[in-house]
S.K.: 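Here you go, one structure.
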Amino acid sequence: MEIVLKGRIKEAVKKLYNSEVPDEFIQLQETRKDFRGDFTLVVFPLLRYSKNTPETTGEMIGSYLVENCSAVSGFNVIKGFLNLEISDKWWLEFFSKMASEQDHFANCRVPEPETIVVEYSSPNTNKPLHLGHIRNNLLGFSLYRLLSSTGHKVIKTNIVNDRGIHICKSMLAWQRFGNGETPESAGMKGDHLVGKYYVLFEKAYRLEVEKLILDGMSPAEAKETAPIMKEIREMLVKWEAGDKDVIDLWKMMNSWVYAGFDETYLKLGVDFDRIYYESQTYMLGKELVLKALEKDILYRNNDSSIWADLTSEGLDQKLLLRSDGTAVYMTQDLGTAVRRYDDYHFNRHIYVVGNEQNYHFQVLKAVLKRMGYEWSDGLIHFSYGMVELPEGRMKSREGTVVDADDLIAEMHETARSVSLELGKLSDFSDEEKEDVFRKIGLGALKYFILKVDPRKNMTFNPEESIDFNGNTGPFIQYTYARIKSVLRKASRSGLNDDVPVSFPFQALQKELDLIKLLRRFSETVATAAHDYSPALIANYCYDLAREFNQFYHDYSILGETDTEIRTFRLVLSKLTSEILAEGMWLLGVEMPERM
RNA sequence: GGACCUGUAGCUUAAUUGGAUAGAGCAUCUGGCUACGGACCAGAAGGUUGGGGGUUCGAGUCCCUCCAGGUUCACCA
């Protein structure tokens, strides 16, 4: 519609003022609710062609459109805004077409699909997933659905940080305090068990440091010389040397963690096409660095560590290999990027990683570019804000981390108690009930996280449980369930909800509002995919659910005696439920048929 | 100190990317269930968009400058 209107407006300016207007001067937008009309043309940019007042220019273009464009039924001009009214007939025809389409994403497909790698999750194998990971996973997964819905080929990947000194910590603590404990014997999820030993290590380490300080050592020196720290370093050296005992222990404990992660991923409803392990890419990174050194892209320091000088790009010196020749974080990320390009030849590579690593990704791009990889322009850091608690950042050492599994369980529990209090689902079996509670609890959590601008830090207050009223996932799920209920009742009564070819009656305001909102779906999906913004989808779904609720309260659906009007309302309801489900699907939220 | 990000009602937040009177939810107050589901709807109250300048027909949005907060600048990952 917009395209047609824009063309006509161009035509109008040409006829009326004998000038060609560039596209960006034709600013067409949806009319605000408080004004009469459907689309609004901002006439200010056109004044240079009309050489007239905004009001007169608006009047002239408006009259032209009413005469020459059948869809435009009227207009009004307020200040410099030309509000165009689209005929009900046009809206109803549009609605019929949309309701009969099988694939609601058809209109948002991009003309040239790309291959896009999305990396998300990126856990460490020394502790369980927490609330920050939940945000990461939900954003990553939703980006995948958004981008693939617009026609791109998207590969979901994960990079597992499975090597390094932090991993050795839980291994050592398990050796020392574990007595052969396993997830089975402890009755714990594997990742939680390993996390427990990580905490035990930190405790033991702190004790040793405190003792040394008491003996008169400086804090810095104490941290360096604590015996347990020494053991850790020895263990890391053994790991890198491939010592059988250490490697076996590492493999065993990692397998526990992976089993635990898999369980959490399954509960969250996210998955991956390909998992990369740092332990398998850091060697490639080392090779790349050494090769670049030969080409004088990098330089070697006196102590034989290797650095990149990025001062000409406005960045600092960056270490790429330690003096002892071992790899750092950046080294392995260089290796991972190159390997992924070899694997997929992506057009874009999106890293879903917290904003604390903004600098890291600037450097990563710059170094790859310098090494001659032109595709590094396609690396995108999707940077999101931290999840904080009311008292500040989550600190694993202080035990203030909100555990992912615990939170999911709590949401499920809250959904259960709210539902039971409302007396719902009394005819459901226990399993059916639990499944619905799970969907609602998870829906509340996902929506709560995805509806906010990813760039912003968000605070999560564990004391106040996530709302189920207002702008929330359950509100949208509820609206969906209610529509489904109406449709069930209609089909039991043998009422028709097929798409009629035309609606020969005058539609009411709320009905038109709903149709207008439905029309915006494909446009919203396209924009959200382009801007990497699941929040846009979330807010759209909320608007739609709200609009439907108003419509629902104002007008009878099943009680309407005129067959055509009732059919129309049934189809309208059905289409709304489909679009709601599609939108929430993009966010990874499941919709219960009843709740 | 350098770089980057954020600041909108008491709280959580939106604003079609520079458009009209800044829009919602929570909390507070008022009204509405014999209609197809009240996890709802309607209404009231709540704002100097952190402050100040600038750009123009027009600024929450762009530029400058302060203020506040966060992140980062590691031979941690």
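These numbers come from the heavy atoms of this one structure, side chains and all, not from hydrogens, waters or symmetry mates. Protein chains get the first letters and strands the later ones, always in sequence-line order, with residue 1 at the start of each. Since the structure is predicted, the reported quantities are computational estimates derived from the model, not experimental observations.
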S.K.: So does N83(A) reach the base of A20(B) with its side chain, donor to acceptor, closer than 3.5 Å?
M.R.: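 Donor-acceptor pair under 3.5 Å: yes.
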
S.K.: Check every strand shown and say whether F44(A) touches a base, only sugar-phosphate, or nothing at a heavy-atom separation below 4.0 Å.
M.R.: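 Touches a base.
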
S.K.: Please write out each protein N/O paired with an N/O of nucleotides 38-47 of chain B under 3.5 Å, distance rounded to 0.1 Å.
M.R.:
unit_1, atom_1, unit_2, atom_2, d
G38(B), OP2, R482(A), NH1, 3.2
A39(B), OP1, K424(A), NZ, 2.9
A39(B), OP1, Y478(A), OH, 3.2
A39(B), O3', N469(A), OD1, 3.3
A39(B), N6, S419(A), OG, 2.7
C40(B), OP1, G470(A), N, 3.4
C40(B), O2', H553(A), NE2, 2.8
A42(B), OP1, Q550(A), NE2, 3.1

S.K.: Flag this pair as yes if the NZ/CZ of R163(A) is under 6.0 angstrom from the six-membered ring centre of Y282(A) and inside a 45 degree cone about the axis; otherwise no.
M.R.: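 Here R163(A) passes the 6.0 Å and 45° test against Y282(A).
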
S.K.: How is N461(A) classified with respect to the nucleic acid when contacts are heavy atoms under 4.0 Å: base, sugar-phosphate, or nothing?
M.R.: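 If one applies the 4.0 Å heavy-atom cut-off, N461(A) turns out to touch nothing in the nucleic acid.
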
S.K.: Contact class for Y555(A) vs. all strands (heavy atom < 4.0 Å): base, sugar-phosphate, or nothing?
M.R.: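 Answer is base: heavy atoms of Y555(A) come under 4.0 Å of a base.
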
S.K.: So what does R520(A) touch, heavy atoms closer than 4.0 Å: a base, only the sugar-phosphate, or nothing?
M.R.: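 The residue R520(A) makes no contact with any strand.
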
S.K.: Sorted by first residue and then second, give each salt bridge (Lys or Arg N to Asp or Glu O under 4.0 Å) pair with at least one member in residues 473-483 of chain A; sequence neighbours left out.
M.R.: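 Found none.
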
S.K.: Counting any heavy atom closer than 4.0 Å, what does T40(A) reach on the DNA or RNA strands: base, sugar-phosphate only, or nothing?
M.R.: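 Since a base atom lies under 4.0 Å of T40(A), the category is base.
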
S.K.: Between G314(A) and F35(A), which residue's closest nucleotide on RNA chain B lies nearer the 5′ terminus?
M.R.: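 The answer here is G314(A).
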
S.K.: Need the pair for G18(B). Rule: Watson-Crick or G-U wobble, both distances under 3.5 Å, any strand; none if unpaired.
M.R.: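 Its partner: none found.
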
S.K.: Using Watson-Crick or G-U wobble geometry with both distances below 3.5 Å, tell me the partner of G23(B), or none.
M.R.: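 Partner of G23(B): U13(B).
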
S.K.: Tell me the interatomic distance from D34(A), atom CG, to G23(B), atom P, rounded to whole angstroms.
M.R.: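 Atom CG in D34(A) sits about 8 Å away from atom P in G23(B).
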
S.K.: Heavy atoms under 4.0 Å, any strand shown: does Q357(A) hit a base, just sugar-phosphate, or nothing?
M.R.: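 Touches a base.
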
S.K.: Taking any heavy-atom pair under 4.0 Å as a contact, classify V486(A): base, sugar-phosphate, or nothing.
M.R.: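 If one applies the 4.0 Å heavy-atom cut-off, V486(A) turns out to touch the sugar-phosphate alone, with no base involved.
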
